[in-house]
Every structure is written in structure tokens, then in C-alpha cells.
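Before any comments, here is the structure.
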Amino acid sequence: MSNIQDKVVIITGASSGIGEATAKELASKGAKLVLAARREERLKKLQEEIQSNGGKAIYKVTDVTSDEQMEELAELALKEFGKIDVMINNAGLMPLSPVFEKKIKEWDTMIDVNIKGVLYGIAAVLPFMRESKEGHIINISSVAGHLIGPAGSVYSGTKFAVRAITEGLRKEEAVNNIRTTIISPGAVATELPEKISGEELKSGIDEFYKVAIPAESIARAIAYAIEEPSDVAINEMIIRPTIQEL
Ligand SMILES: NC(=O)c1ccc[n+]([C@@H]2O[C@H](COP(=O)([O-])OP(=O)(O)OC[C@H]3O[C@@H](n4cnc5c(N)ncnc54)[C@H](OP(=O)(O)O)[C@@H]3O)[C@@H](O)[C@H]2O)c1
């Protein structure tokens, strides 16, 4: 039997891309899923698809920038399934721009979703996991959490933060038998580049993304980290397209 069978997994940003692919992968391995994002129609469609393939999934419209909504999401998982085994803090966005352009709204959104959203997700599940002396928190960083390029200052800042927070959490919660995993994807074919508002920059990124690998590649890596026995923590993975140099 897979070590994913019957695990209760919360996924943020489940309405598209990596979150959606991960939901399908884990559902096919018997996980009980709690899907979260803001676009309800997408979540509903995904839930129906998972259920029609014999999987188990519920969803809740959730904005990760709301601590309250993240608490409610964790409560729903406990109410419906009685436990939380895995929290995947995946929601994120990447409106790249040079600092000089001062796109403050975009900076604020990235900081709120990519950093605070991850923190709220951790905080929402940690009390239950500490009490259970078991659990797994998976946070999605990026190759941009290891390297910085022009126009990527703020996005990289948020993704470096995800790695710092996750590594700190690992040290704090090892004693409570809570596993942490940092996933750092390279170019993955999703809706992520669509939020880039500068036209020239967007076309450069579209060119870079021509080598992008499917979201399922990241989903399989996440499944691997979950599948390992509970005394084994896959703490960090970088997954790039083979021909991506950066
Ligand atoms: N694609 C890549 O090349 C790549 C590379 C490295 C890292 N990543 C990281 O992978 C993660 C997933 O991105 P993706 O590539 O799958 O892009 P995506 O298809 O654009 O998915 C982003 C997800 O985040 C959700 N989201 C955004 N703001 C939210 C909010 N305030 N509250 C709740 N959910 C929110 C979106 O759902 P709603 O709009 O419905 O809320 C969507 O489901 C991100 O953290 C991204 O930084 C991606």
C-alpha cells in the first residue's frame, strides 16, 4: 500500500498549475484532499474530476493572505477527515519587474501571498501536527529562491524567504517529528508568467519558458517526498527542465 493512501493533504493554489497537478497525482494514490484557492469554479471542476476517478476531495474558497481563512481551512480538514497529515503551501505569484519601476501593489501582493500565505498555512496546521507528534509541511519555493536575476529581486526575495522559513521550521519542529520539504521548481508550464505586467519582460520570459516541463513533474516529486516512511524527511529538492541552464 502507498504511504499516501488515506493521508489528509491540504493544497493551496489548487485551482491551476502545480497545485492542480499535485492534487490529481495524490488523489490517484489514495490521498484525501482539501483543495484551496480563490477561483471556485476551477476547484469545483477539479473536485468533480477527482471524484469521478474514484478519489476523495473537498474544497474551500480560500485567500491565503487571510489568517482567518487559513484557520478555517485547517478546521474544515479536521471536521471532514479528522486529521491533517500534509500541508502543501503552493499558492504563489510571480509579477516580475525591476525595482526602479516601483510596482508597489505587485510587491505587496507577492509578499502577502508568497511569504505571509506560507506562514499562515504553517501556523494553521502546526498545533494539530505538534499534538499528533507527526505531520509534513511542504512549501513551494523556486530556483529563484536560490538565484537572483534582473526583475526578479522581489520575487526571489519572497522565495528565499520561503526557504529560510522552512529551514527554521525544520529545526524548530524536528523534535515534534514534523517533516518539512522545500520544493524549488525551474520553468514549469503553468499560468504563472501571465501576471507579468511589463510587455517586453513578459515576452522574454515566454521565450525562457519554451523549455518548461509539465506541472506533473513537480507533482511526482511532491508525491515522492510524502511517500517516504515517516522517519525519512526529504528536506529539499530542485527540479529543472534538463536543458534549463539557469
Ligand atoms: N511555474 C513555474 O515555472 C514555477 C517555478 C518555480 C516556482 N513556482 C511556484 O509554484 C507555485 C504554484 O505556481 P504555478 O506555477 O502552479 O502557477 P499558477 O498556475 O499561476 O498557480 C498559482 C496558484 O496560486 C493561487 N493563488 C494566487 N493567489 C492566491 C491567494 N491570494 N489565495 C489563494 N490562492 C492563491 C492561484 O489560485 P486562484 O487564483 O484561484 O486563487 C493558483 O491556483 C507558486 O508558489 C510559484 O511561485 C512555479
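Below, each value reflects all heavy atoms present in this structure, side chains not excepted, and no hydrogens, waters or symmetry copies. For ligands, and for the atoms within them, numbers begin at 1 and follow the listed sequence.
In this view, A233 and R179, N235 satisfy the side chain to side chain contact (heavy atoms under 4.5 Å, CB included) rule, not counting sequence neighbours.
Other cluster members for I243: V211, joined by side-chain heavy-atom distances under 4.5 Å among Ile, Leu, Val, Met, Phe, Trp and Tyr.
Atom 36 (C) of ligand 1 has as its closest protein heavy atom S15 OG, 3.8 Å. Closest to atom 35 (C) of ligand 1 among all protein heavy atoms lies A91 CB, 3.7 Å. For atom 9 (C) of ligand 1, the nearest non-hydrogen atom of the protein is I140 CG2, 3.7 Å. Closest to atom 14 (P) of ligand 1, if we only count protein heavy atoms, is T190 OG1, 3.4 Å. Nearest protein neighbour of atom 28 (N) of ligand 1, counting heavy atoms only, is R38 NH2, 3.3 Å. Of all protein heavy atoms, the one closest to atom 32 (N) of ligand 1 is V64 N, 3.0 Å.
Only the backbone of S141 comes within contact range of ligand 1, with a heavy atom under 4.0 Å; no side-chain atom does. Residue S16 touches ligand 1 through backbone and side chain together, judged by heavy-atom distances below 4.0 Å. Proximity of Y155 to ligand 1, defined as any heavy-atom pair under 4.0 Å, is confined to the side chain (atoms from C-beta onward). Contact annotation: for E194 versus ligand 1, there are no heavy atoms closer than 4.0 Å. In T62, the part holding a heavy atom less than 4.0 Å from any atom of ligand 1 is the backbone.
Selection from I11, L43, I239, L192 by nearest heavy atom to atom 13 (O) of ligand 1 gives L192.
Linking Ile, Leu, Val, Met, Phe, Trp and Tyr residues whenever their side-chain heavy atoms come within less than 4.5 Å leaves V64 and I140 in two separate clusters.
Salt-bridge annotation for E48 and K44: present, with a side-chain N of the basic residue lying under 4.0 Å from a carboxylate O of the acidic one.
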